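Below: the structure, in structure tokens.
Basis for what follows: all heavy atoms, side chains included, without hydrogens, waters or symmetry-related copies. We're numbering straight along the sequence, starting at 1. The structure presented is a predicted model; accordingly, all values stated were derived computationally and were not measured.
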Amino acid sequence: MSTADAVARETAWLNAFGDGLPSLTAAHGGPWDVIQAYMPRTPATAKKQLYVLRRRLTENRIAAPRKIDTHQFHLSLWWPIGATTIASGIAETEQANLDAAVDLLLQRIRGFATDHSHGGRFLAVAEAPVGAEIVVEYGDPVHGITVAGALTATVTYSADDADFTA
């Protein structure tokens with residue numbers, strides 16, 4: 001495994017379907033129209049989007065010659081709400097829909113009860129030894145509804161690659 005393909009590996013996991021965990025893509029019954037590695041120059045404006053980014057890569061020494069790479073993933077979530085949504089008074093419904101979509105996302109990030117490796121893509125995701133937490137931060141809905149035309153959230157968590165000797 002390479003540190004350079006970690007974002008692609010995680011994006012592949014989030015796009016997976018038919019494995020017993022919730023499907024996230026709209027094409028397979030999920031809530032997200034776009035699940036993509038890295039932020040494009042011109043994101044789509046009327047689609048529910050999830051971008052997989054990496055905020056930090058840390059190389060940790062776990063024993064004298066052994067090290068482990070930890071990736072901190074930062075998911076950028078965009079949930080558009082158009083003028084018709086605001087005019088019809090269902091902005092509250094869209095906030096609840098975003099909450100439901102985030103819940104499905106968390107289920108997929110947690111993975112299976114017996115396998116937290118995201119199908120062998122990592123040693124462990126959102127687990128010890130380094131990063132055992134998943135953090136969801138929601139953007140200000142007032143700004144999203146009145147200015148941006150989209151509700152936003154970020155999800156951060158870590159994934160550890162297999163240890164290596166260096």
Side-chain angles (χ1 to χ4, degrees), residues 1-40 43-44 46-58 60 62 66-81 85 90 92-139 141 144 150-164:
M1 289 184 232
S2 164
T3 61
D5 68 358
V7 171
R9 285 184 274 148
E10 186 62 4
T11 302
W13 174 254
L14 296 177
N15 275 299
F17 63 94
D19 56 7
L21 292 172
S23 172
L24 299 178
T25 61
H28 298 101
W32 301 100
D33 299 312
V34 174
I35 299 176
Q36 177 181 317
Y38 306 110
M39 181 70 71
K47 295 188 180 210
K48 296 171 180 101
Q49 303 162 74
L50 185 160
Y51 296 104
V52 181
L53 311 167
R54 180 174 43 194
R55 286 284 194 214
R56 181 177 29 229
L57 168 62
T58 306
N60 299 293
I62 56 174
R66 292 175 48 217
K67 295 183 179 184
I68 192 168
D69 288 326
T70 299
H71 310 276
Q72 184 183 32
F73 290 117
H74 175 96
L75 308 184
S76 181
L77 286 51
W78 297 82
W79 195 267
I81 53 172
T85 300
I90 57 171
E92 298 90 340
T93 302
E94 288 305 316
Q95 291 171 75
N97 290 342
L98 175 59
D99 277 341
V102 167
D103 184 67
L104 294 175
L105 174 61
L106 293 175
Q107 290 177 51
R108 180 149 281 283
I109 291 169
R110 288 182 202 119
F112 297 104
T114 58
D115 178 17
H116 299 274
S117 69
H118 285 189
R121 291 172 177 88
F122 298 93
L123 175 64
V125 179
E127 291 281 314
V130 180
E133 66 180 10
I134 302 171
V135 177
V136 179
E137 293 185 35
Y138 292 91
L151 301 170
T152 61
T154 59
V155 179
T156 56
Y157 56 96
S158 295
D160 297 325
D161 271 334
D163 65 309
F164 61 96

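Every side-chain contact (heavy atoms from CB on, under 4.5 Å) that T156 has, sequence neighbours left out, goes to Q72, H74, V135. When the side-chain hydrogen bond (donor to acceptor under 3.5 Å, both in side chains) test is applied to T152, no partner is found at least two apart in sequence or on another chain. Residues forming a salt bridge (charged side-chain N to carboxylate O under 4.0 Å, His left out) with D19 (at least two apart in sequence, or on another chain): R108. In this view, T11 satisfies the side-chain hydrogen bond (donor to acceptor under 3.5 Å, both in side chains) rule with no residue, not counting sequence neighbours. Considering only residues two or more places apart in sequence or on other chains, T58 meets the side-chain hydrogen bond (donor to acceptor under 3.5 Å, both in side chains) condition with none of them. With sequence neighbours left out, the side-chain contact (heavy atoms from CB on, under 4.5 Å) criterion links L104 to P22, L24, P31, Q107. Residues satisfying the side-chain hydrogen bond (donor to acceptor under 3.5 Å, both in side chains) test with Q95, not counting sequence neighbours, are none.
In terms of heavy-atom proximity, P80 sits nearest to W78 at CD-O, 3.6 Å. Between A126 and I134, the shortest heavy-atom distance links the atoms CB-CG1, 3.7 Å. L14 and I35 make their closest contact through O-CD1, 3.7 Å (heavy atoms, listed as atom of the first residue, atom of the second, distance).
Contact check for Y51 versus V34: side-chain heavy atoms found under the 4.5 Å cut-off. Side-chain atoms of V125 and F73, non-hydrogen and from C-beta on, never get closer than 4.5 Å to each other. Residues V52 and L75 are in side-chain contact: their nearest non-hydrogen atoms beyond the backbone lie under 4.5 Å apart. Counting heavy atoms from C-beta on, the side chains of D161 and R9 come closer than 4.5 Å.
The list of ring pair (Phe, Tyr, Trp, His ring centres under 6.0 Å) pairs with a residue in residues 92-118, not counting sequence neighbours, reads W13-H118. Residues in residues 28-37 take part in these side-chain hydrogen bond (donor to acceptor under 3.5 Å, both in side chains) pairs, two or more places apart or across chains: T25-H28.
Side-chain contact of T70 with N60: a donor-acceptor pair under 3.5 Å is present, judged by distance alone.
E94 places no side-chain N or O within 3.5 Å of a backbone atom of W79 that could act as its donor or acceptor partner.
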